[in-house]
Amino acid sequence: MKSPEHIPSEPIRVRIAPSPTGTIHLGLARTTLYNWAFAKRHGGKLILRVEDTDRARSTAESEHAILEGLHWLGTDWDEGPVVGGPHAPYHQSERVQEHLAVARRLLESGDAYRCFCTKERLDDLRQEQEAKKETPRYDRLCSQLASDQSAARAVDEPFTLRFRVPEGQTAVDDLVRGRVEFQNAEIDDWVMVRQGGQPTYNFVVVCDDAAMEISHVFRGEEHLVNTPKQILVYRALGLEPPAFGHLPLMLGQDGRKLSKRHGAVSLSKYIAEGYSRDALVNFLCRQGWALDGETEIFSVEQFIASFDPGDVSRAGAVFDFDKLRWMSGEYIHAESPDELALHCAPHMTAAGLMTAEELVQRGDWYREALCLGQERVRLYSEMPGVLGFLFAADASLEYDAKAEKNARKHSERVAELSAYHEHLHPMIELGVDAEVLRDDAKAWVAERNLKFPQLFQPLRCALTGAAGGPDLFSVMALLGPEASLARLAAGIERLA
RNA sequence: GGCCCCAUCGUCUAGUUAGGCCUAGGACACCAGGUUUUCAUCCUGGCGACUGGGGUUCAAAUCCCCAUGGGGUCACCA
């Protein structure tokens with residue numbers, strides 16, 4: 001929905017409120033990016049609040065993983081865990097007393113009431129309603145209780161606190177979707193505080209957003225139907241609700257909300273698989289938003305400079321892995337040798353090709369090798385596969401079937417290889433400039449009236465064992481004279 | 001099923017707010033050529049969409065209605 005840009009005069013305060021029950025999810029990553037960009041663009045603040053009230057599922061490890069994931073994305077927060085801030089604490093579990101105080105206010109004002117119904121009665125009610133094909137909802141039995149009666153029963157009976165949904169209708173002026181109206185009659189008198197005094201999500205989210213003076217709430221579309229409940233709480237509290245913007249869902253290949261079922265939803269998986277971070281960020285921004293109709297590759301700075309919630313699309317976005325891979329390649333192909341060296345390092349060591357020490361000691365060689373692989377990979381993790389041949393034992397280099405087939409196509413392969421070996425030997429030992437070797441080889445081939453493949457295919461097989469790959473003379477330069485000659489000699493025998 | 005959201009190439013999207021510039025643009029993927037010592041990169045071209053039906057209008061992908069389809073959500077989870 002495109003509208004005149006909505007830039008409120010109040011201080012912009014947005015938030016992300018992950019619950020630490022797993023690793024950082026792609027959906028959270030994108031929501032964070034959008035919130036972060038909005039705050040940055042308007043000079044506002046991003047608040048990180050950990051919604052750890054589900055004590056059974058929340059873990060410290062998960063929280064740590066999420067914070068780490070947010071850092072990896074390049075996002076940061078102005079208030080929250082680690083950095084602190086004026087609205088501490090930023091862990092929801094530590095705010096319960098505050099929540100309960102608000103609940104008491106609502107009880108006193110009559111906007112909430114005690115419900116003494118037992119689980120059994122509620123279950124029966126639900127079954128009955130389901131049997132009649134009605135939408136299950138509380139029948140408001142306890143809403144009729146007089147306050148003195150309610151207070152009296154509260155002494156020795158367990159109860160929940162329900163929100164008293166008023167008559168009428170509630171509209172959400174959504175920054176992404178426009179006005180969405182709900183009939184209050186459709187909204188259940190939902191439980192705000194459980195038996196035992198644990199406040200529930202729809203209630204605490206309002207308490208905390210209000211307490212933290214959140215001005216805009218950007219979150220996934222799955223929250224849209226919760227919004228009227230929350231708006232009603234703000235009203236009951238005499239507060240102005242924040243502006244809401246519900247982002248389209250990210251979908252799996254099957255068109256359903258992206259979830260664990262689809263496999264890779266955790267950011268850490270993409271990190272491990274070697275995607276370019278900037279590409280992933282770029283891609284996530286593109287899920288539901290476009291800079292213009294043309295530009296696919298753009299920086300976070302560009303994103304921040306032009307992000308407007310009104311431009312966000314309303315339809316869900318299917319996650320296209322192919323396009324992400326392509327984008328990752330675009331970023332990797334544009335990297336400097338130093339950036340590449342840094343990003344490929346973990347994959348090189350994990351593959352056992354080079355140790356961390358060697359990476360430093362042979363830094364120049366390593367960078368040159370990476371340059372040969374650069375345009376051939378789309379993920380950092382593909383680099384070991386592309387450069388692996390450089391590290392093989394010369395005599396037992398593995399020949400790819402296609403490479404060998406290409407080499408054996410040429411009946412004079414052994415003769416030409418031998419002749420070239422003889423020709424190359426004195427030269428290569430004098431110096432290994434790829435440029436010189438290349439020009440020389442081409443001249444040599446021309447002199448002997450050969451076609452390029454007649455020499456190059458067997459040579460490629462002998463040197464790299466692969467049917468394709470980087471320029472052969474750059475490869476020789478990297479291999480050095482000794483290994484180059486050794487591989488050539490081995491090839492002469494092996495291709496006989 | 002109730003409520004809510006959504007609907008442009010297979011996918012991501014531009015165009016929809018202020019109807020004509022749209023014989024609908026870009027990108028991924030795919031296909032075909034070209035460049036290259038090969039692979040990759042790169043370049044060129046091709047394929048390919050306004051869900052359907054009614055309106056409104058001189059004019060609709062754009063506005064309205066209905067239908068259809070897809071999704072979300074219906075907890076003492078967040």
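So that the names make sense, note that chain A is the first sequence line, chain B the second, and so on, each numbered from 1.
- Nucleic acid contact class of Gly255(A) (heavy atoms, under 4.0 Å, all strands): sugar-phosphate only.
- With P as the reference atom, A18(B) and A32(B) are 47 Å apart, rounded to whole Å.
- Using a 4.0 Å heavy-atom criterion, one finds that Glu134(A) contacts no nucleic acid atom at all.
- Straight-line distance from the CH2 atom of Trp190(A) to the P atom of C76(B): 12 Å, rounded to whole Å.
- Nucleic acid contact class of Thr160(A) (heavy atoms, under 4.0 Å, all strands): base.
- Residue Phe452(A) is in sugar-phosphate contact alone, with no base atom involved, counting any heavy-atom pair closer than 4.0 Å across all strands shown.
- For the pair Ser62(A) (side chain) and Thr21(A) (backbone), a donor-acceptor distance under 3.5 Å is present.
- Residue Leu472(A) is in base contact, counting any heavy-atom pair closer than 4.0 Å across all strands shown.
- Closest to the side chain of Arg376(A), from the set A14(B), A78(B), A40(B), is A40(B).
- For U44(B), the paired nucleotide is A32(B), the pair qualifying as Watson-Crick or G-U wobble because both relevant distances are below 3.5 Å.
- Among the heavy atoms of the strands lying under 4.0 Å from Gly288(A) are primed sugar atoms or P, OP1, OP2 only; no base atom is included.
- The CE-P distance, from Met327(A) to U13(B), rounds to 11 Å in whole Å.
- Using a cutoff of 4.0 Å between basic side-chain nitrogens and carboxylate oxygens, Arg137(A) and Asp189(A) are not scored as salt-bridged.
- The partner of G69(B) is C6(B), judged by Watson-Crick or G-U wobble contacts that both fall below 3.5 Å.
- Ranking G2(B), C42(B), C39(B) by closeness to the Glu330(A) side chain, first place goes to C42(B).
- Contact annotation: the side chain of Asn184(A) never approaches that of Glu167(A) to less than 4.5 Å [non-hydrogen atoms, C-beta and beyond].
- With G72(B), A78(B), C28(B) as the candidates, the nucleotide lying closest to the side chain of Asp322(A) is C28(B).
- Between C12(B), U41(B), G2(B), one nucleotide has an atom nearer to the side chain of Arg378(A) than all others, and that is U41(B).
- Remark: the His216(A) side chain and the Asn35(A) side chain contain no N/O donor-acceptor pair separated by less than 3.5 Å.
- Among the protein residues, His246(A) comes within range of no part of the nucleic acid, since none of its heavy atoms lies under 4.0 Å from any strand.
- Nearest-nucleotide mapping onto RNA chain B: of Val377(A) and Gln92(A), the residue sitting toward the 5' end is Val377(A).
- Taking the six-membered ring for Trp, Phe321(A) and Phe319(A) have ring centres closer than 6.0 Å.
- With a cut-off of 3.5 Å on both pairing distances, the Watson-Crick or G-U wobble partner of G1(B) is C74(B).
- The pair Arg408(A)-Glu404(A) counts as a salt bridge, with a side-chain nitrogen and a carboxylate oxygen less than 4.0 angstrom apart.
- Within 4.0 Å (heavy atoms only), Gln195(A) reaches at least one base atom of the nucleic acid.
- In this structure, the CG atom of Asp189(A) is 12 Å from the P atom of C76(B), given to the nearest Å.
- Under the 6.0 Å cut-off for aromatic ring centres, Tyr34(A) and Phe218(A) do not qualify, their centroids lying 6.0 Å or more apart.
- With both ends at atom P, the span from C31(B) to G53(B) equals 34 Å, rounded to whole Å.
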Could you write out each protein N or O paired with an N or O of nucleotides 4-8 of chain B at a distance under 3.5 Å?
residue: C5(B); atom: O2'; partner: Arg177(A); partner atom: NH1; Å: 2.4
residue: C5(B); atom: O2'; partner: Glu221(A); partner atom: OE2; Å: 3.3

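- If you find the closest nucleotide of RNA chain B to Val193(A) and to Glu375(A), the one lying nearer the 5' end belongs to Glu375(A).
- At least one side-chain nitrogen or oxygen of Lys257(A) sits closer than 4.0 Å to the OP1 or OP2 atom of U73(B).
- With P as the reference atom, C63(B) and G20(B) are 11 Å apart, rounded to whole Å.
- Comparing the same atom, P, in C21(B) and in G15(B) gives a spacing of 15 Å after rounding to whole Å.
- With salt bridges taken as basic N to acidic carboxylate O contacts below 4.0 Å, none links Lys442(A) and Asp439(A).
- When both pairing distances are held under 3.5 Å, C21(B) makes no Watson-Crick or G-U pair with any nucleotide shown.
- Side-chain contact check for Tyr380(A) and His343(A): at least one donor-acceptor pair (N or O, by modelled atom type) lies under 3.5 Å.
- Rounded to the nearest Å, the gap between the P atom of A61(B) and that of C50(B) is 11 Å.
- Atom P of nucleotide A78(B) and atom CD1 of Ile66(A) are separated by 15 Å, given to the nearest angstrom.
- We find that CD of Gln287(A) is positioned 12 Å from P of A14(B), with the value rounded to whole Å.
- Summarising the geometry, the separation between CG on Leu280(A) and C1' on C28(B) is reported as 16 Å, rounded to the nearest angstrom.
- Phosphate contact (OP1/OP2 of A78(B), side-chain N/O of Thr53(A), threshold under 4.0 Å): present.
- Here Arg256(A) lies in heavy-atom contact (under 4.0 Å) with sugar-phosphate atoms only.
- Under a 3.5 Å cut-off, the side chain of Asp174(A) and the backbone N or O of His246(A) do form a donor-acceptor pair.
- Straight-line distance between the C1' atoms of C42(B) and U36(B): roughly 10 Å, to the nearest whole Å.
- A salt bridge links Glu221(A) to Arg177(A): at least one charged side-chain nitrogen sits closer than 4.0 Å to a carboxylate oxygen.
- G72(B) and G54(B) have their P atoms separated by 32 Å, with the value rounded to a whole Å.
- Taking atom C1' in both C64(B) and U16(B), one finds a spacing of 14 Å when rounded to whole Å.
- Proximity of Tyr275(A) to Arg325(A): side-chain heavy atoms (C-beta onward) are separated by under 4.5 Å at one or more points.
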Nucleotide N/O of nucleotides 24-27 of chain B paired with protein N/O under 3.5 Å:
residue: G25(B); atom: N2; partner: Gly293(A); partner atom: O; Å: 2.8
residue: G26(B); atom: O4'; partner: Glu294(A); partner atom: OE2; Å: 3.2
residue: G26(B); atom: O2'; partner: Glu294(A); partner atom: O; Å: 3.3
residue: G26(B); atom: N2; partner: Arg286(A); partner atom: NH2; Å: 3.4
residue: G26(B); atom: N2; partner: Glu296(A); partner atom: OE2; Å: 2.9
residue: A27(B); atom: O4'; partner: Glu296(A); partner atom: OE2; Å: 3.3
residue: A27(B); atom: N3; partner: Lys323(A); partner atom: NZ; Å: 3.1

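- Nucleic acid contact class of Asp188(A) (heavy atoms, under 4.0 Å, all strands): none.
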Show, in sequence, the C-alpha distance, side-chain angles and deciding distance for Phe159(A) and Tyr113(A), and conclude whether the ring-ring contact (aromatic ring centres under 6.0 Å, His included) test is met.
CA-CA 10 Å; Phe159(A) 61 88; Tyr113(A) 60 88; over 10 Å; no

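- A straight line from CZ of Arg137(A) to P of C74(B) spans 14 Å, rounded to a whole angstrom.
- Atom CG in Leu26(A) sits about 15 Å away from atom P in C12(B), given to the nearest Å.
- Across A78(B), G2(B), C76(B), the shortest atom-to-atom separation from the side chain of Lys119(A) is found for C76(B).
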